Amino acid sequence: MFPVRIILLMVLLLLPSSPGFAGQQQLLTPEPPGISPLKVYFDVNVGVAIKLETRLRLINTTYDQLLQQGSRPQFIIGFRGRASYFVTKDKGYVEAADHVFKEKIHQWVKTFHARGIRMEQCGIAAGLTGIETSDFLPEVEVVDNGYVAMIIYQNKGFSQIPMD
C-alpha cells in the first residue's frame with residue numbers, strides 16, 4: 001500500500017505543472033531536425049481592398065505564430081481573380097478610394113518577399129481582368145495557370161487555404 005500512496009502523491013504533484021493546468025496552450029510540437037517544413041498554399045482571390053489587406057495581415061500573423069512554435073513554415077501566396085488588381089504597379093486598376101489599401105498591400109508584398117514567401121499571380125486571371133503581365137509587382141511571379149499551380153503544390157504536400 002505504501003508505494004501506491006507515493007505514486008499517487010507524485011502524480012498529484014506533477015499535474016499542476018502541466019501546460020493545461022498552467023494556462024498555456026501549445027498547438028504544435030516543435031519539429032525535430034530533419035523534418036520537412038509546414039507547407040501551405042494560400043489561394044487569395046478576394047477583391048475588396050480592406051478584406052484583402054486583412055487576409056494578408058492574417059497570413060503574416062500565421063507565419064509568425066508557426067515560427068514561435070518552432071515550425072519552419074513554407075508559404076506560397078497565389079493571387080487570382082479580383083485580388084489581381086491590388087498586386088499591380090502604381091495606383092492603376094483600382095478606385096481612388098482603394099489607393100491607401102493598395103499601398104498597404106504593396107507593403108505586405110515587400111514584407112513577404114523579404115521573408116522568403118513565394119507569391120504567384122495567375123496568368124489566366126490577368127487576361128480575364130485585362131491586366132498586362134508587365135504591370136504586376138516584380139516580387140510576384142506570373143504563372144500560366146493558377147489552378148495548375150495549386151494542383152502541383154497539393155501533390156507536393158502543400159495544404160491549401162482558400163482566402164475568398
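This one's a predicted model, so the numbers in the text were calculated from it and none came from an experiment. Numbering of residues begins at 1 and proceeds along the displayed sequence.
Residue pairs satisfying the salt bridge (charged side-chain N to carboxylate O under 4.0 Å, His left out) criterion with at least one member in residues 146-164, sequence neighbours excluded, are listed as follows: Arg55-Asp164. Every pair passing salt bridge (charged side-chain N to carboxylate O under 4.0 Å, His left out) that includes a residue from residues 107-127 is listed here, sequence neighbours excluded: Asp64-Arg115, Arg118-Glu120, Arg118-Glu141. Within the structure, salt bridge (charged side-chain N to carboxylate O under 4.0 Å, His left out) pairs that include any residue of residues 125-134 do not occur (at least two apart or interchain). Among residues at least two apart or in separate chains, ring-ring contact (aromatic ring centres under 6.0 Å, His included) pairs with a member in residues 101-135 are Trp108-Phe112.
When the side chains of ILVMFWY residues are joined at heavy-atom separations under 4.5 Å, either directly or via intervening members, Met163 and Val87 end up in a single hydrophobic cluster. Residues Val142 and Met119 fall within the same hydrophobic cluster, defined by Ile, Leu, Val, Met, Phe, Trp and Tyr side chains chained together at heavy-atom separations under 4.5 Å.
Clustering of Ile, Leu, Val, Met, Phe, Trp and Tyr side chains at separations under 4.5 Å places Val148 together with Ile152. With side-chain heavy atoms closer than 4.5 Å counting as contact, directly or through intermediates, the hydrophobic cluster containing Leu128 also holds Ile124.
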Would you mind writing out the side-chain donor-acceptor pairs for residues 73-85 within the sub-3.5 Å range, not counting sequence neighbours?
unit_1	atom_1	unit_2	atom_2	d
Arg80	NE	Asp43	OD1	2.7
Arg80	NE	Asp43	OD2	3.4
Arg80	NH1	Tyr147	OH	3.3
Arg80	NH2	Asp43	OD2	2.9
Ser84	OG	Gly81	O	2.8
Ser84	OG	Gln121	OE1	3.3
Ser84	OG	Gln121	NE2	2.8

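Partners of Thr88 by side chain to side chain donor-acceptor pair (under 3.5 Å), not counting sequence neighbours, listed by chain and number: Lys102. By the side chain to side chain donor-acceptor pair (under 3.5 Å) test, Glu139 pairs with no residue at all, sequence neighbours left out. With sequence neighbours left out, Phe158 forms a ring-ring contact (aromatic ring centres under 6.0 Å, His included) with Tyr153. Taking Lys104 as the reference, nothing meets the side chain to side chain donor-acceptor pair (under 3.5 Å) condition, with sequence neighbours excluded. Annotation: side chain to side chain donor-acceptor pair (under 3.5 Å) contacts of Asn45 (sequence neighbours excluded): none.
In this structure, the separation between CD on Glu53 and CG on Leu58 is 9.0 Å, given to the nearest 0.5 Å. From Asn60, atom CG reaches atom CD1 of Ile117 across 6.5 Å, with rounding to the nearest 0.5 Å. Note that the CD1 atom of Ile50 and the CD1 atom of Ile105 stand 10.0 Å from one another [nearest 0.5 Å].
For the pair Thr54/Arg57, a side-chain contact is recorded, criterion being any heavy-atom separation below 4.5 Å from C-beta on. For the pair Val44 and Ile59, the minimum side-chain heavy-atom distance is below 4.5 Å.
Side chain of Asp98 to backbone of Val94: no donor-acceptor contact under 3.5 angstrom is found.
Leu52 approaches Val46 most closely through the heavy-atom pair CA-CG1, 3.5 Å. Minimum interatomic distance between Gly130 and Tyr93 (heavy atoms only, all atoms of both residues): O-CE2, 3.9 Å. Closest of all the heavy-atom pairs between Tyr41 and Gly146 is OH-O, 4.1 Å.
Within 6.0 Å of NZ in Lys89 there are more than 12 heavy atoms belonging to other residues, nucleotides or ligands.
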